[in-house]
Amino acid sequence: MVKHPWNVTIDEACTIQNSLKDRIITYDAFDIIKHVGGADVAYEVSGNRACCVITVFSYPSLEIMSCSCFCGDICFAYIPGLFAFREGPLIEKAFEGLDVIPDLLLIDGHGLCHPRGIGIATHMGVFLDVPTIGCAKNHLFGSHREPGSLRGDRACIYSERKTIGCVLRTRDNIKPVFISQGHRVSLKTSVEICLNCSKGYRIPEPLRMAHILARRII
DNA sequence: GCGACAG
DNA sequence: ATCTTGTCGC
């Protein structure tokens with residue numbers, strides 16, 4: 001667990017990201033996964049408050065077991081590449097309120113697939129010392145080809161000849177999601193878990209439900 | 001300089 | 001992220 005202040009300047013935020021990089025674990029460092037969590041944040045229509053919900057589902061049976069929410073002020077601007085400093089504080093608080101700690105946490109955003117290799121999923125994984133996977137709905141960094149059109153089809157995302165994530169189709173003929181390692185999980189396992197968590201919808205169930213609950217609460 | 005740019 | 005119901009297509 002590597003905690004640090006969130007109320008920092010843009011330069012300090014980048015410095016913190018770089019200082020956390022050597023803590024990232026990119027292989028499967030966990031035992032049996034019995035519970036998978038999903039963290040998402042919904043914003044007030046007008047205002048500076050938002051609500052973070054973290055759901056916890058049984059795995060692989062996918063029944064909701066628990067959830068936690070935390071609403072608070074948003075204190076950092078939306079800057080691509082520094083997303084953790086905007087939503088991280090709320091995720092931290094919601095995580096502290098969980099009564100069932102998930103064995104792995106899915107986070108709405110990128111992980112290693114990031115300009116400096118440390119998106120919000122990786123950042124929170126190191127910060128909370130929990131295995132994490134980044135699952136984003138849109139592209140941020142790296143290049144890739146278009147994956148096949150069927151569920152399970154995928155295409156690697158590259159940066160400087162290295163694989164940093166993958167574009168994964170979770171439903172036939174539907175826009176794919178962007179999967180990348182967060183912390184303490186391999187890319188192969190990340191893809192496997194995301195597919196096992198998404199039966200019927202584009203977004204993995206823990207994240208989909210967290211999204212629904214968060215915007216109902218805010 | 002121009003375009004891209006998680007939520 | 002958010003403003004928003006029905007509707008067209010698989």
Side-chain angles (χ1 to χ4, degrees), chain A residues 6 10 13-14 16-17 20 24 38-54 69-94 105-127 132-144 146 148-153 157-160 164-183 187 190 194 199-204 206-218:
Chain A
W6 290 114
I10 291 178
C14 291
I16 289 174
Q17 289 185 323
L20 294 179
I24 303 170
D40 190 40
V41 176
Y43 294 75
E44 250 182 3
V45 176
S46 181
N48 63 317
R49 288 176 63 78
C51 173
C52 172
V53 167
I54 296 181
C69 84
F70 181 85
C71 299
D73 292 324
I74 291 295
C75 307
F76 202 90
Y78 167 62
I79 300 172
L82 295 179
F83 196 47
F85 292 85
R86 184 173 172 79
E87 298 193 344
L90 299 187
I91 294 177
E92 176 190 10
K93 292 295 185 182
L105 183 62
L106 296 174
I107 293 184
D108 193 19
H110 291 95
L112 294 189
C113 191
H114 173 279
R116 286 176 292 284
I118 178 161
I120 188 169
T122 302
H123 194 128
M124 296 316 292
V126 172
F127 188 97
T132 55
I133 294 173
C135 179
K137 295 180 287 298
N138 290 291
H139 170 84
L140 168 67
F141 182 71
S143 56
H144 64 85
E146 192 64 19
S149 58
L150 301 181
R151 167 178 164 83
D153 287 343
I157 301 175
Y158 301 99
S159 173
E160 299 174 339
I164 58 174
C166 97
V167 189
L168 175 69
R169 196 84 65 179
T170 50
R171 283 195 61 181
D172 292 357
N173 300 91
I174 281 185
K175 178 177 179 173
V177 292
F178 295 74
I179 304 301
S180 62
Q181 291 159 269
H183 179 53
L187 180 56
S190 298
C194 285
K199 302 271 200 294
Y201 294 94
R202 177 193 179 215
I203 305 300
L207 283 178
R208 198 179 75 85
M209 189 53 61
H211 185 263
I212 291 173
L213 295 175
R215 60 176 302 166
R216 175 183 298 179
I217 292 171
I218 197 60

**OP:** Answer yes if the ring centres of A:Phe83 and A:His114 are under 6.0 angstrom apart, and no otherwise.
**Re:** no
When all nucleic acid strands are considered with a 4.0 Å heavy-atom cut-off, which category describes [X]: base, sugar-phosphate, or nothing?
X: A:Tyr43; result: sugar-phosphate
X: A:Ala121; result: nothing
X: A:His114; result: base
X: A:Gly134; result: nothing

Check the distance between [N]'s [atom2] and [X]'s [atom1] and give it to me in whole angstrom.
X: A:His123; N: B:dA6; atom1: NE2; atom2: P; answer: 18 Å
X: A:Phe85; N: B:dA6; atom1: CZ; atom2: P; answer: 17 Å
X: A:Lys175; N: C:dC10; atom1: NZ; atom2: P; answer: 20 Å
X: A:His110; N: B:dA4; atom1: NE2; atom2: P; answer: 17 Å
X: A:Leu140; N: B:dG7; atom1: CG; atom2: P; answer: 9 Å
X: A:Ile157; N: B:dA6; atom1: CD1; atom2: P; answer: 13 Å
X: A:Ile203; N: C:dA1; atom1: CD1; atom2: C1'; answer: 14 Å
X: A:Asp40; N: B:dA6; atom1: CG; atom2: P; answer: 15 Å

Original post:
If we only count heavy atoms from C-beta on, is the A:Leu112 to A:Leu187 side-chain gap below 4.5 Å?
Top reply: no
Original post:
Any side-chain heavy atom of A:Cys135 within less than 4.5 Å of one from A:Leu207?
Top reply: yes
Subject >> Residues A:Lys137, A:Asp108: salt bridge by 4.0 Å N-O rule >> reply: yes
Choosing from [options], which nucleotide comes nearest the side chain of [X]?
X: A:Asp108; options: B:dA6, C:dT2, B:dG7; value: B:dG7
X: A:Ile120; options: C:dA1, B:dG7, B:dA6; value: B:dA6
X: A:Arg86; options: B:dG7, C:dC3, B:dC5; value: B:dG7

Original post:
If we require ring centres under 5.5 Å and near-parallel planes under 30°, does A:Tyr78 stack on B:dG7?
Top reply: yes
**OP:** Would you mind telling me which residue lines up with the more 5' stretch of DNA chain C, A:Ile218 or A:Asn173, judged by nearest nucleotide?
**Re:** A:Ile218
Original post:
Closest approach of A:Asp172 and A:Arg151, non-hydrogen atoms and distance?
Top reply: OD1-N, 2.7 Å
Does a nitrogen or oxygen in the side chain of [X] sit under 4.0 Å from OP1 or OP2 of [N]?
X: A:Lys137; N: B:dG7; answer: yes
X: A:Arg49; N: C:dA1; answer: no
X: A:Arg215; N: C:dT2; answer: yes
X: A:Asn138; N: B:dG7; answer: yes

Original post:
Would you call the rings of A:Phe85 and A:His123 parallel, tilted or perpendicular, where under 30° means parallel and over 60° means perpendicular?
Top reply: perpendicular
